[in-house]
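Residue numbers start from 1 in every chain, and the chains themselves are labelled A, B, ... in the order their sequence lines are given, proteins ahead of strands. For clarity, every value in this text was computed on a predicted model and none was experimentally measured.
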Amino acid sequence: MTFNQQVYALVRAIPVGRVLTYGALARLLGVPRGARAVGWALRATEPDGDVPWHRVINAQGAIVVKDRLHEAHVQRERLIAEGVIFDVHEHVDLERFRWQPAEFEARALLENLI
DNA sequence: ATAGTGACTGGAA
DNA sequence: CTTCCAGCCACTA
């Protein structure tokens, strides 16, 4: 199971209406500073595939997209449709919408997929 | 084996 | 509260 596959598995486990940051996702996978690698993995997903990539945002609670305005718009629309709220600065209140799975939960999930 | 490429991040200025 | 910068990590050619 590659790092990317683990990323996808965990992203698929994020509940509707909740979000995870790139860094938090990397930490759950045991790679404390792999935030960038997570971004790389998500960048390679199909916009309409089975990976809810839109539920991953940056540590500031904002949407990060470089040269992909359309997808950034889609991400925002999907999150709003799920009930996630953006403030006037286009930031999500992480304290309120962050998904915080217990470590054993994430570990068990990944082991089930091996 | 190696260099280039980012949907990142935390700290410094 | 803002840029700016240097690590960091997996993937690809």
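One interatomic measurement links the two molecules: CG of A:Asn58 to P of C:dT3, which rounds to 15 Å at whole-angstrom precision. Per the geometry, CG belonging to A:Leu69 stands 13 Å off C1' belonging to B:dA7, to the nearest Å. Rounded to an integer number of Å, the gap from CG of A:Leu25 to P of B:dT9 is 10 Å. A straight line from CZ of A:Arg27 to C1' of B:dC8 spans 11 Å, rounded to a whole angstrom. Here B:dA7 presents its C1' atom at 11 Å from CD1 of A:Ile57, a figure rounded to the nearest Å.
Here CH2 of A:Trp53 is found 8.5 Å from CG of A:Asp48. Values are rounded to the nearest 0.5 Å. Taking CZ from A:Arg18 and CG from A:Leu94, the interatomic distance works out to 11.0 Å, rounded to the nearest 0.5 Å. Taking CD of A:Gln75 as the start and NE2 of A:His70 as the end, the distance is 12.0 Å to the nearest 0.5 Å.
Taking both residues in full, the closest heavy atoms of A:Leu109 and A:Ala9 are given as CD2-O, 3.9 Å, listed atom of the first, atom of the second, then distance.
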If you apply the rule side chain to side chain contact (heavy atoms under 4.5 Å, CB included), what do you find for A:Ile57 with A:Val64, and how did you get there? CA-CA 7 Å; A:Ile57 57 183; A:Val64 184; over 6 Å; no
Should A:Arg76 and A:Phe86 be marked as a side chain to side chain contact (heavy atoms under 4.5 Å, CB included) after you check the CA-CA gap, both sets of side-chain angles, and the distance that decides it? CA-CA 9 Å; A:Arg76 196 177 107 93; A:Phe86 283 83; 4.0 Å; yes
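Within the 4.0 Å cut-off from OP1 or OP2 of C:dA10, not a single side-chain nitrogen or oxygen of A:Thr2 is found.
Remark: side-chain polar atoms of A:Glu111 are not paired, donor with acceptor, to backbone N or O of A:Ala108 under 3.5 angstrom. Counting only distance, with no hydrogens or angles, the side chain of A:His54 and the backbone of A:Val74 share no donor-acceptor pair below 3.5 Å.
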What are the atom names and distances for every N/O pair under 3.5 Å that joins the protein to nucleotides 5-9 of chain C?
residue: C:dG7; atom: O6; partner: A:Arg36; partner atom: NH1; Å: 2.5

Within the sub-3.5 Å range, which N or O atoms of nucleotides 2-5 of chain B have a protein N or O partner, and how far apart are they?
none

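Every residue two or more places apart in sequence or in another chain that forms a side-chain contact (heavy atoms from CB on, under 4.5 Å) with A:Arg96 is listed here: A:Ile85, A:Asp93.
Sorted by first and then second residue, the pairs that involve residues 49-59 of chain A and meet salt bridge (Lys or Arg N to Asp or Glu O under 4.0 Å), not counting sequence neighbours, are A:Arg12-A:Asp50, A:Arg55-A:Glu82.
Among the nucleotides B:dG10, B:dA7, C:dA10, the one closest to any side-chain atom of A:Arg43 is B:dA7.
For the contact set between residues 78-101 of chain A and DNA chain C, defined by any heavy atom under 4.0 Å, there are no members.
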Using residues 19-46 of chain A as the side-chain source, report each donor-acceptor pair under 3.5 Å to any protein atom, sequence neighbours left out, with the distance given to one decimal.
residue: A:Thr21; atom: OG1; partner: A:Ala24; partner atom: N; Å: 3.0
residue: A:Thr45; atom: OG1; partner: A:Leu42; partner atom: O; Å: 2.7

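In this structure, A:Glu71 reaches the bases: a heavy-atom distance under 4.0 Å links it to at least one base atom across the strands shown.
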